[in-house]
There are 2 protein chains.
Amino acid sequence: MNNQQRSTQTKNSITDAATLLFARDGFESTTVAGICERAGVSKGAFYYHFESKEAVFLALIDTWLATLERTLTEVTFQAENVPEGLLEMAGMMQPVFENNRFFMGLFLELWTHTNRNEKVRQATITPYRRFQDTFTNLIKDGIGQGAISDVDPEIAGQLLLSLSSGLFLQASLENEQENWGKKMQDCIQIILDGLKRRN
Amino acid sequence: MNNQQRSTQTKNSITDAATLLFARDGFESTTVAGICERAGVSKGAFYYHFESKEAVFLALIDTWLATLERTLTEVTFQAENVPEGLLEMAGMMQPVFENNRFFMGLFLELWTHTNRNEKVRQATITPYRRFQDTFTNLIKDGIGQGAISDVDPEIAGQLLLSLSSGLFLQASLENEQENWGKKMQDCIQIILDGLKRRN
DNA sequence: TCCTAAAAACCGACCGGTCGTTATGTTATT
DNA sequence: AATAACATAACGACCGGTCGGTTTTTAGGA
């Protein structure tokens, strides 16, 4: 194994371990020693690759949000019919809901520190805006298709984004895993009945 | 000042300071020394009144949720007409949104630790269920009034609850304070247009 | 191909400081 | 005098980060 391979491999070990621990225990309660132990590397290796514990967190944000964004656009872009697309999207959230404990850990951790750490805020805000735009544009498309009534696209987009995050938040409270994908579909259906143009 | 007064006063100083710091900095980053300093008491006083740092947090959860529940029921119970009541309620959330940074700090802190601490979960889950029921019953009332179409009240209630928390979450990301009460009204209006029975 | 020196990657003991909690002493109320 | 309420200093565990040293890879000449 050459140096490049070795380097990226340990770096990945560290980020994987850090992701898991940050999600499970939170940033503050996660120790560098704990990350190293789980990653199977030493502190020396850790600080060779990262400047600080915070630096790992910052580096991870980009990865997380990029993954989320990729998933989102994958699901939504293939929507010819916007209302149908939204319902499909809701259904495809099921696996995310099933791993809710993990994702919610990350999500909450990110949100918490966005409100407390300016660097985190900067790293989060731009992708977040794009999420907003994605939803807004989706509504615009729907209006253009004539499938959605003439509402303010920004408001409706915000409604959808809020519903998603809110429902996600609720799901984390429940212990037994219900069919949240279905639940989300039902919610969107209710909203759609209002958004759909009526003749 | 007699002993009882003195006791409750210092206890209140401690809980007030703790609330502020927990909301601002989070549980882990809040130090007992910091709480004591802000409360103007000594560590001795702190540990005379509370068993541990966690105990203060646990004690505060009840207070927070009770306050939230009181506010919520105050706003919703005077609703003769459910759709109107919902819109009113949304408007009355404005002051909450204005103090968003503070409330969101508490909210996120509570949610985070609900997913990580069984005691916190136990303290949170019961009031949360009541929130759910409040919204569900609101929808039921609306259906009974004939003002809301025949949807599953639990789903619709969850929709409203998710929207509330989700929108609240969004608001915390924005630096400039917009008129979030209005925004929430708009969202609810969109949903209502779907929930309202159409002739 | 083999040897070697430099560079990269990694190790782990250790340090300075912090933090929750406690033990002991002091003041105010009963 | 007895007890409740509070103050202060100290303890011990822990944690992020450092530093001197070791191992592994790389590069280049013989």
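Just so we're on the same page: letters track the sequence lines, and every chain starts at 1.
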Next item on the list: Between Glu54(B) and Asn3(B), just flag the one whose closest nucleotide in DNA chain C comes earlier from the 5' side.
Entry: Glu54(B)

Note to self: In this structure, how many angstroms lie between the P atom of dT25(D) and the CE atom of Met1(A), rounded?
What the structure shows: 7 Å

Next item on the list: Please report, rounded to the nearest Å, how far the C1' atom of dC6(D) is from the CD atom of Gln9(B).
Entry: 13 Å

Next item on the list: Give the rounded distance in Å between these two atoms: NZ of Lys11(B) and P of dC6(D).
Entry: 11 Å

Check: Closest to the Ser42(B) side chain: dC19(C), dC11(C), dC6(D)?
Finding: dC6(D)

Item checked: Among dG17(D), dT21(C), dC10(C), the nucleotide that comes nearest once only the side chain of Val32(B) is considered -> dT21(C)

Notebook entry, point to check: Closest to the Ala45(A) side chain: dT30(C), dC11(C), dG20(C)?
Noted result: dC11(C)

Next item on the list: Would you kindly give the CZ-to-P distance between Phe46(A) and dC15(D), to the nearest whole Å?
Entry: 14 Å

Margin query: Quick check on side chain to side chain contact (heavy atoms under 4.5 Å, CB included): which of Leu138(A), Asn81(A), Ile191(A) does Leu86(A) satisfy it with?
Written below: Leu138(A)

Margin query: Once you apply a heavy-atom cut-off of 4.0 Å, does Thr30(B) come out as touching a base, just sugar-phosphate, or nothing?
Written below: sugar-phosphate

Next item on the list: Send over the distance from Glu28(B) CD to dG16(D) P, rounded to a whole Å.
Entry: 12 Å

Margin query: Testing the 3.5 Å rule here: is there a donor-acceptor pair between the side chains of Gln122(B) and Glu118(B)?
Written below: yes

Check: Would a distance-only check, ignoring hydrogens and angles, find a side-chain to backbone donor-acceptor pair under 3.5 Å from Gln132(B) to Tyr128(B)?
Finding: no

Notebook entry, point to check: Counting only side-chain N and O atoms of Tyr48(A), is one of them less than 4.0 Å from OP1 or OP2 of dC10(C)?
Noted result: no

Item checked: Pairwise distance CD(Gln170(A)) to CZ(Phe97(A)) - rounded to 0.5 angstrom -> 10.0 Å

Item checked: Tyr47(A) OH - dA8(C) C1' separation (whole Å) -> 20 Å

Check: At under 4.0 Å, does any side-chain N or O of His49(A) touch on OP1 or OP2 of dA8(C)?
Finding: no

Item checked: Side chain of Arg6(A) (C-beta onward), nearest among dT22(C), dA9(C), dG17(D) -> dA9(C)

Notebook entry, point to check: Quick one: the side chain of Lys43(A) and the base of dG17(D), do they pair up donor-acceptor inside 3.5 Å?
Noted result: yes

Item checked: Donor-acceptor pair between Glu54(A) and Asn117(A) side chains, under 3.5 angstrom -> yes

Checklist line | Value in whole Å for how far the C1' atom of dC6(D) lies from CD of Gln5(B) | finding: 17 Å

Note to self: Please pick, from dC11(C), dT30(C), dA8(C), the nucleotide with the shortest atom-to-atom distance to any side-chain atom of Asn2(B).
What the structure shows: dT30(C)

Checklist line | N or O in side chain of Ser7(A) less than 4.0 angstrom from dA8(C) OP1/OP2 | finding: no

Notebook entry, point to check: Given atom CD1 of Ile14(B) and atom P of dT21(C), what is their separation to the nearest angstrom?
Noted result: 14 Å

Checklist line | Nucleotide of dG16(D), dT26(D), dC6(D) approaching Thr10(B) most closely (side-chain heavy atoms) | finding: dC6(D)

